[in-house]
Amino acid sequence: AIQLVESGGGSVQAGESLRLSCVGSGYYGDHNCMGWFRQAPGKEREGVATLYTGGGSPWYADPIKGRFTISQDYDANTVYLQMNNLKPEDTAVYYCAAHRSTYCSGRRGGSDFDYWGQGTQVTVSS
């Protein structure tokens with residue numbers, strides 16, 4: 001089984017940046033879809049960005065396009081989420097997730113993802 005551990009959350013002011021990291025252990029290969037999701041209090045979980053480890057263009061949710069970037073260090077079994085120009089509405093618990101599929105999108109809110117990290121809190125104040 002895949003184990004995912006996130007890090008990098010914190011509290012920042014609007015306009016600042018954070019980088020989240022997700023280290024996968026147990027398995028990390030060419031055929032995994034890795035994703036970042038978030039859940040704010042009182043809201044449903046939503047997809048933020050996904051990346052297919054075998055290559056191809058990442059998927060991004062509309063609210064974060066142009067501000068967030070998902071990337072990977074394949075040799076380090078690590079996926080990153082660089083978050084720039086953070087806004088108060090980005091405040092949420094951010095989760096890393098994975099599933100073994102060539103369909104790699106966060107549009108379903110993560111319902112098709114099998115493995116999840118414990119989450120890391122991101123708080124953006126105005």
Side-chain angles (χ1 to χ4, degrees):
I2 298 174
Q3 293 181 316
L4 304 172
V5 179
E6 305 103 331
S7 62
S11 297
V12 297
Q13 298 287 321
E16 294 183 342
S17 299
L18 282 173
R19 188 177 78 159
L20 306 182
S21 300
C22 171
V23 181
S25 62
Y27 179 84
Y28 193 99
D30 286 337
H31 306 294
N32 279 332
C33 175
M34 306 297 296
W36 287 98
F37 296 81
R38 67 186 183 185
Q39 188 165 22
K43 294 187 177 181
E44 292 188 354
R45 187 177 62 203
E46 62 178 355
V48 175
T50 60
L51 175 149
Y52 185 63
T53 58
S57 298
W59 172 88
Y60 293 101
D62 287 341
I64 59 87
K65 281 181 179 176
R67 299 188 296 123
F68 292 9
T69 303
I70 188 171
S71 62
Q72 68 171 333
D73 182 339
Y74 188 93
D75 292 333
N77 296 353
T78 302
V79 175
Y80 303 99
L81 185 68
Q82 177 67 41
M83 305 185 295
N84 297 330
N85 190 23
L86 281 160
K87 302 177 180 181
E89 53 263 42
D90 295 318
T91 295
V93 178
Y94 283 71
Y95 297 92
C96 176
H99 72 142
R100 188 178 177 90
S101 174
T102 56
Y103 177 77
C104 194
S105 168
R107 290 187 179 91
R108 298 173 180 170
S111 60
D112 45 349
F113 281 68
D114 300 312
Y115 304 99
W116 292 84
Q118 80 287 356
T120 185
Q121 177 70 46
V122 172
T123 302
V124 184
S125 56
S126 58

Please step through side-chain contact (heavy atoms from CB on, under 4.5 Å) for the pair C33 and F113, ending with a clear verdict.
-> CA-CA 8 Å; C33 175; F113 281 68; 3.6 Å; yes
E46 CD to D62 CG distance, which is reported to the nearest 0.5 Å | 10.5 Å
Search all heavy atoms of S126 against all heavy atoms of P88 and return the closest pair with its distance.
-> CB-CG, 3.9 Å
Which heavy atom of P63 sits nearest a heavy atom of R67, and at what distance?
-> O-NH2, 3.0 Å
Of the non-hydrogen atoms in A61 and G47, which two are nearest, and what is the gap between them?
-> CB-O, 3.3 Å
Working to the nearest 0.5 Å, report the span between CD of Q72 and CG of N77.
-> 9.5 Å
When clusters are formed by joining ILVMFWY residues with side-chain heavy atoms under 4.5 Å apart, either directly or through shared neighbours, do W36 and Y115 land in the same one?
-> yes
Between atom OG of S101 and atom OH of Y52, what is the distance when rounded to the nearest 0.5 Å?
-> 7.5 Å
Crowding at CD, E44 (>12 non-hydrogen neighbours, <6.0 Å) | no
Can you get from M34 to V122 by hopping between Ile, Leu, Val, Met, Phe, Trp and Tyr side chains that sit under 4.5 Å apart?
-> yes
Do any N or O atoms from the side chain of R45 and from the backbone of G109 form a donor-acceptor pair under 3.5 angstrom?
-> yes
Under the criterion side-chain contact (heavy atoms from CB on, under 4.5 Å), which of Y80, F68, Y94 is the partner of L20?
-> Y94
Please work out which of the three classes, parallel, tilted or perpendicular, describes the rings of W116 and Y95, given edges at 30° and 60°.
-> perpendicular
Taken to the nearest 0.5 Å, the spacing of H99 NE2 from T50 OG1 works out to 7.5 Å
Just by modelled atom types, is the I70 backbone N or O under 3.5 Å from a matching donor or acceptor in the Y60 side chain?
-> yes
Just by modelled atom types, is the E6 backbone N or O under 3.5 Å from a matching donor or acceptor in the Q118 side chain?
-> yes
Looking only at non-hydrogen atoms, find the nearest pair between Q121 and A92 and report the distance.
-> NE2-O, 3.4 Å
T91 side chain to V124 backbone, donor-acceptor under 3.5 Å = yes
Please name the residue in the list D90, V12, I64, L18 that meets the side-chain contact (heavy atoms from CB on, under 4.5 Å) test with M83.
-> L18
Please report the C-alpha distance between R100 and D114 in whole Å, then the side-chain angles of each, then the deciding distance to 0.1 Å, and finally whether the side-chain contact (heavy atoms from CB on, under 4.5 Å) criterion is met.
-> CA-CA 8 Å; R100 188 178 177 90; D114 300 312; 5.7 Å; no
What are the two closest heavy atoms between L81 and A49, and how far apart are they?
-> CD1-CB, 4.2 Å
Rounded to the nearest 0.5 Å, the CG atom of L4 sits from the OG1 atom of T78 at a distance of 10.5 Å
